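Quick notes on the structure that follows.
Labels below follow one simple rule: chain letters A, B, ... track the order of the sequence lines, proteins then strands, and each chain is numbered from 1. Note that the structure is predicted; figures quoted are calculated from it, not measured.
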2 protein chains.
Amino acid sequence: MPDTPPSLDSVQLRAYFALMEVAGLLRHAVEQQLREVGDLSYVQFQLLARLGLDSSTGSERMTDLADGVVYSRSGLTYQAGLLEKADLVTRTPSPDDERAVTVTITDAGRALLAKVLPGHTEVISRQLFQPLSRTDAKALADLLSPVRDHMRAAPPRSAAPRRRRR
Amino acid sequence: MPDTPPSLDSVQLRAYFALMEVAGLLRHAVEQQLREVGDLSYVQFQLLARLGLDSSTGSERMTDLADGVVYSRSGLTYQAGLLEKADLVTRTPSPDDERAVTVTITDAGRALLAKVLPGHTEVISRQLFQPLSRTDAKALADLLSPVRDHMRAAPPRSAAPRRRRR
DNA sequence: CACGAGTGCTTCAAATTCGAAGCACATCCG
DNA sequence: CGGATGTGCTTCGAATTTGAAGCACTCGTG
């Protein structure tokens, strides 16, 4: 017998909806700023940021990039193609694994990232952190970090047969 | 002279990244469940939920729906068309304003919503609230609700000339 | 070594998404 | 009333995104 379906109480619902709406609105706001200043989509910015800021070497394998950005592989191939065409990254076969492709940010990529970053943080500051105190920000980070780790660890569901899209 | 660009401290960065990643992962998880059980995309579910749960009448104007779901108008037209074709909603000209279109959820729409909802809440419970206590959930809701209100009120930026996409 | 399963990426076709332009109705002022 | 402006939605073309299929390489086992 299956467990009783755990329904959400009103507080949880509030938190869930607020979370999704804030993330959506924030993404929209950021997207607009990125487009204006650097002609970048949010995904492209995420990729550059991950390469230029998170990675100490400036390189990552395609798969790791895709996972980090919560993105499909084929979509990443497409975007990596665009970024490469714009000379913001290079793609080279990995030395240790012939199948893998290493994506590396170029100087131009770093330059664009630097150009875009101030406005980006400005939007985040104003839109997200304006209503939050320093303490609030810490509380938020402390609440969400475990959730992120939990979700990373627990894949949503075992693969199931796909139906045709509606 | 412009203000000094407010850069983000590490705590804020943590909070920002965690927020976006959690929202992204959660959306993916939910999307998969919705596809399996009801052959609905997340957007379609949001639309049905808004009509069937939030609205007391089961109806909304297109524009209000688009705003509520953070969505472009043309995208909403497309999705509303799909939902209508599947007999989950109806579209009728509004009585008081000939320009406006009222979207109304059908019985079939409500039925599908009911069918999908348990699994949906189950995913949210497990993925989002598993690592959070009751108190945490409340804290999260209380932190994010003001942010959402603030972002709703403050449009990202006045319209600026659009450039060609990269 | 040879085979079969697995992994990493790309290609492909189809679906979704967006912004700009267009259309119809509404509202505002003179 | 009449024209100008604004609003609500749809249409259109182009860009993006996705899952499935395909290809190449790797790994484990015999």
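Contact of B:Ser74 with C:dG19 (side chain to base): a donor-acceptor pair of N or O atoms is detected under 3.5 Å. With hydrogens and angles ignored, a donor-acceptor pair closer than 3.5 Å exists between the side chain of B:Arg99 and the base of D:dT7.
One atom, NZ of A:Lys85, and another, P of D:dT16, lie 9 Å apart when rounded to the nearest Å. C:dT16 atom P lies 13 Å from atom CG of B:Leu47, rounded to whole Å. Between A:Glu98 atom CD and C:dC9 atom P the separation is 12 Å, expressed in whole Å. Remark: P of D:dG8 and CZ of B:Arg91 are 17 Å apart, rounded to the nearest angstrom. The distance from atom CG of A:Asp97 to atom P of D:dC23 is 20 Å, rounded to the nearest whole Å. Rounded to whole Å, the distance from CG on A:Leu76 to C1' on D:dG19 is 15 Å. Put simply, CG on B:Leu83 is 16 Å from P on C:dA15, counting in whole angstrom units. To the nearest angstrom, P of C:dA20 lies 11 Å from CZ of A:Arg35.
Residue B:Thr63 places its side chain closer to D:dC9 than to any other of D:dT26, C:dG8, D:dC9. Candidate nucleotides D:dC9, C:dG8, C:dT16 were compared by shortest atom distance to the side chain of B:Thr77, and D:dC9 ranks first. Residue B:Ser72 has its side chain nearest to C:dC18 when only D:dC25, D:dG8, C:dC18 are considered.
Ranked by how close their nearest DNA chain D nucleotide is to the 5' end, A:Asp96 and A:Tyr71 are led by A:Tyr71. Along DNA chain D, the nucleotide nearest A:Val43 and the nucleotide nearest B:Thr102 are compared for position; the residue whose nucleotide lies closer to the 5' end is B:Thr102.
Put simply, A:Leu128 and B:Val11 are part of two different groups of oily side chains (I, L, V, M, F, W, Y) that touch within less than 4.5 Å, one to the next.
For A:Arg61 and C:dC9, the shortest distance from a side-chain N or O to OP1 or OP2 is not below 4.0 Å. A close approach under 4.0 Å does not occur between any side-chain nitrogen or oxygen of A:Tyr78 and OP1 or OP2 of D:dT17. A close approach under 4.0 Å does occur between a side-chain nitrogen or oxygen of A:Gln79 and OP1 or OP2 of D:dT17. The phosphate of D:dT17 has neither OP1 nor OP2 within less than 4.0 Å of any side-chain N or O from A:Arg73.
By the neighbour-count criterion of 12 heavy atoms within 6.0 Å, atom CG of A:Asp107 is sparsely surrounded, having that number or fewer from other residues, nucleotides or ligands.
The pair B:Glu122-B:Arg126 meets the salt-bridge criterion, since a charged nitrogen lies less than 4.0 angstrom from a carboxylate oxygen. Between B:Asp9 and B:Arg14 there is no salt bridge, since none of the side-chain N atoms of the basic residue sits less than 4.0 Å from a carboxylate O of the acidic one.
Between the side chains of B:Thr102 and B:Ser94, at least one donor N or O lies within less than 3.5 Å of an accepting N or O.
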